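Data block below; observations after.
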Amino acid sequence: MPVFNPLPDAFFDRDALLVARELLGKVIRHRQGAYWLAARIIETEAYYLDEKGSHASLGYTEKRKALFLDGGHIYMYYARGGDSMNFSAKGPGNAVLVKSAFPWVDELSDANALAQMTLNNPNASGQPRPPERLCAGQTLLCRALNLKVPDWDARRFDPANLFVDDVGALVPQVIQATRLGIPQGRDEHLPYRFVDAQYTRFCTRNPLRRGQVEGRDYQLLTQGL
């Protein structure tokens with residue numbers, strides 16, 4: 001039988017930057033019918049109450065209440081018509097956005113689960129997306145994993161249906177850069193985005209694309225193995 005290692009609430013109840021970085025390499029598993037759909041997290045962004053790029057900076061509302069709960073609550077919202085998933089971190093208003101992921105196949109989440117993810121997330125023409133593009137963005141990720149705002153917003157993880165699994169995947173190097181899509185004047189300069197350096201070609205926007213310069217546009221962080 002497969003052995004799971006769901007992340008405890010205490011993992012999330014820490015500083016958002018630390019949580020964002022250490023979520024890389026972890027696997028989101030969501031049950032859909034008979035299948036455990038799964039994706040390895042490859043890109044995250046941290047957000048804080050006291051900076052202008054966050055939803056929480058706009059103030060508490062019932063819709064945003066998950067951001068103000070203790071670490072390990074799920075905050076979901078609609079971005080450009082699609083579902084997006086965040087996890088609350090330590091401190092009111094602080095959270096981590098799961099920006100993109102890469103399909104994960106193992107004994108629990110097998111080829112049939114990947115086939116279901118492909119059915120969940122066809123391209124604009126109704127054709128299957130290649131596996132590496134299924135989760136290449138926050139709304140694509142939620143669509144592939146069948147994660148929806150009404151089902152999970154303001155809830156905690158449920159090991160029988162949705163959890164983040166520590167599968168022991170190594171992330172030797174991390175790219176740290178500024179977040180994407182932050183309007184000018186809303187703390188767009190903050191380096192709160194993290195990308196698994198092994199998967200830069202499959203994230204929302206490649207931080208190592210032509211013209212990007214280390215030390216100016218991004219930092220390369222080496223982690224202990």
Side-chain angles (χ1 to χ4, degrees), residues 12 14-28 38-57 75 77-87 89 94-104 117 121 123-124 129-145 164 167 169-225:
F12 299 93
R14 300 181 297 160
D15 183 82
L17 280 173
L18 181 62
V19 175
R21 180 170 170 173
E22 293 192 0
L23 273 172
L24 298 178
K26 306 302 190 289
V27 172
I28 302 174
R40 171 180 171 150
I41 298 171
I42 64 170
E43 180 185 14
T44 59
E45 292 180 346
Y47 289 88
Y48 289 90
L49 173 64
D50 61 358
E51 48 95 357
K52 299 175 183 177
S54 69
H55 287 193
S57 69
Y75 169 57
Y77 67 94
Y78 296 109
R80 297 176 296 279
D83 306 82
S84 295
M85 172 170 276
N86 303 250
F87 307 136
N94 304 331
V96 174
L97 168 65
V98 182
K99 194 75 174 173
S100 65
F102 195 89
W104 179 263
M117 291 170 61
N121 191 15
N123 65 21
R129 295 180 194 271
E132 64 271 15
R133 304 308 303 170
L134 279 176
C135 307
Q138 64 202 65
T139 59
L140 294 175
L141 165 65
C142 287
R143 194 177 306 147
L145 293 181
V164 183
V167 297
L170 297 178
V171 184
Q173 292 186 313
V174 172
I175 305 293
Q176 182 174 5
T178 55
R179 297 170 299 189
L180 302 177
I182 304 296
Q184 186 173 358
R186 299 197 66 85
D187 291 323
E188 70 279 4
H189 65 287
L190 295 172
Y192 288 176
R193 176 185 178 220
F194 297 92
V195 178
D196 185 337
Q198 302 168 101
Y199 290 86
T200 55
R201 293 187 298 118
F202 309 116
C203 68
T204 306
R205 190 179 187 195
N206 189 346
L208 303 183
R209 64 192 182 279
R210 185 186 299 273
Q212 298 300 288
V213 177
E214 184 177 359
R216 184 193 70 186
D217 301 301
Y218 68 88
Q219 299 292 330
L220 182 61
L221 311 177
T222 300
Q223 307 200 128
L225 300 180

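FYI, the numbering just counts along the sequence from 1. Bear in mind the structure is a predicted one, so any value in this text is a computation, not a measurement.
L170 and Q198 make their closest contact through O-NE2, 3.1 Å (heavy atoms, listed as atom of the first residue, atom of the second, distance). Considering every non-hydrogen atom in both A197 and T200, the closest pair reads O-CG2, 3.6 Å. Here the closest heavy-atom approach between residue F87 and residue L23 is recorded as CD1-CD1, 3.9 Å. When all heavy atoms of A169 and G25 are compared, the closest pair comes out as CB-O, 3.5 Å. Here the closest non-hydrogen pair linking P131 and P103 is O-CG, 3.1 Å.
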Which is it for Q176 and Y218 under the side-chain contact (heavy atoms from CB on, under 4.5 Å) test, yes or no, and what are the steps along the way? CA-CA 6 Å; Q176 182 174 5; Y218 68 88; over 6 Å; no
Working note: Y77 + H55, criterion ring pair (Phe, Tyr, Trp, His ring centres under 6.0 Å); need CA distance, chi angles, decisive distance, verdict. CA-CA 10 Å; Y77 67 94; H55 287 193; 4.4 Å; yes
Set out, in order, the CA-CA distance, both residues' side-chain angles and the distance that settles side-chain contact (heavy atoms from CB on, under 4.5 Å) for L190 and R179, then state yes or no. CA-CA 7 Å; L190 295 172; R179 297 170 299 189; 4.0 Å; yes
Give the C-alpha distance, both sets of side-chain angles, the deciding distance and a yes or no for side-chain contact (heavy atoms from CB on, under 4.5 Å) between Y78 and T139. CA-CA 8 Å; Y78 296 109; T139 59; over 6 Å; no
Verdict with supporting geometry, D83 and R143, side-chain contact (heavy atoms from CB on, under 4.5 Å): CA-CA 7 Å; D83 306 82; R143 194 177 306 147; over 6 Å; no
Quick one: do K52 and E188 satisfy salt bridge (charged side-chain N to carboxylate O under 4.0 Å, His left out)? Show the steps, please. CA-CA 9 Å; K52 299 175 183 177; E188 70 279 4; over 6 Å; no
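Enclosure of atom CZ in R209 by more than 12 non-hydrogen atoms of other residues, nucleotides or ligands within 6.0 angstrom is indicated. Surrounding CZ of R205 are at most 12 heavy atoms belonging to other residues, nucleotides or ligands under 6.0 Å away.
At least one donor-acceptor pair under 3.5 Å links the side chain of E45 to the backbone N or O of L180. A distance-only check finds a donor-acceptor pair linking the side chain of E43 to the backbone of T204 [under 3.5 Å]. No donor-acceptor pair under 3.5 Å is formed between the side chain of N121 and the backbone N or O of M117. Looking only at distances, a side-chain donor or acceptor of N94 sits under 3.5 Å from a matching main-chain atom of L49.
Of the inter-residue distances, the one linking R40 atom CZ with I28 atom CD1 reads 12.5 Å to the nearest 0.5 angstrom. Distance check, rounded to the nearest 0.5 Å: CG of L97 to OG of S54 gives 12.0 Å. Remark: F12 CZ to L18 CG distance equals 12.0 Å, nearest 0.5 Å. One distance of note links CG of L24 with CD of E22; it measures 9.5 Å at 0.5 Å rounding.
Counted by atom type alone, Y48 and D187 present zero donor-acceptor pairs between their side chains at under 3.5 Å. Using modelled atom types, one finds no donor on one side chain facing an acceptor on the other under 3.5 Å when comparing S100 with Q138.
Residues V27 and I41 form no side-chain contact, since every pair of their non-hydrogen atoms from C-beta on lies 4.5 Å or further apart. With a 4.5 Å cut-off on side-chain heavy atoms, S84 and K99 do not count as touching. In this structure, the side chains of R186 and S57 come closer than 4.5 Å at one or more pairs of heavy atoms. Proximity of R129 to L140: side-chain heavy atoms (C-beta onward) are separated by under 4.5 Å at one or more points. The shortest distance between side-chain heavy atoms of V96 and N86 does not fall below 4.5 Å. Residues V174 and D196 fail the side-chain proximity criterion, which asks for heavy atoms closer than 4.5 Å. Contact annotation: the side chain of R193 never approaches that of T44 to less than 4.5 Å [non-hydrogen atoms, C-beta and beyond]. At least one side-chain heavy atom of F194 sits under 4.5 Å from a side-chain heavy atom of L17.
In this structure, F102 and Y199 have tilted ring planes: the angle between them lies in the 30° to 60° band.
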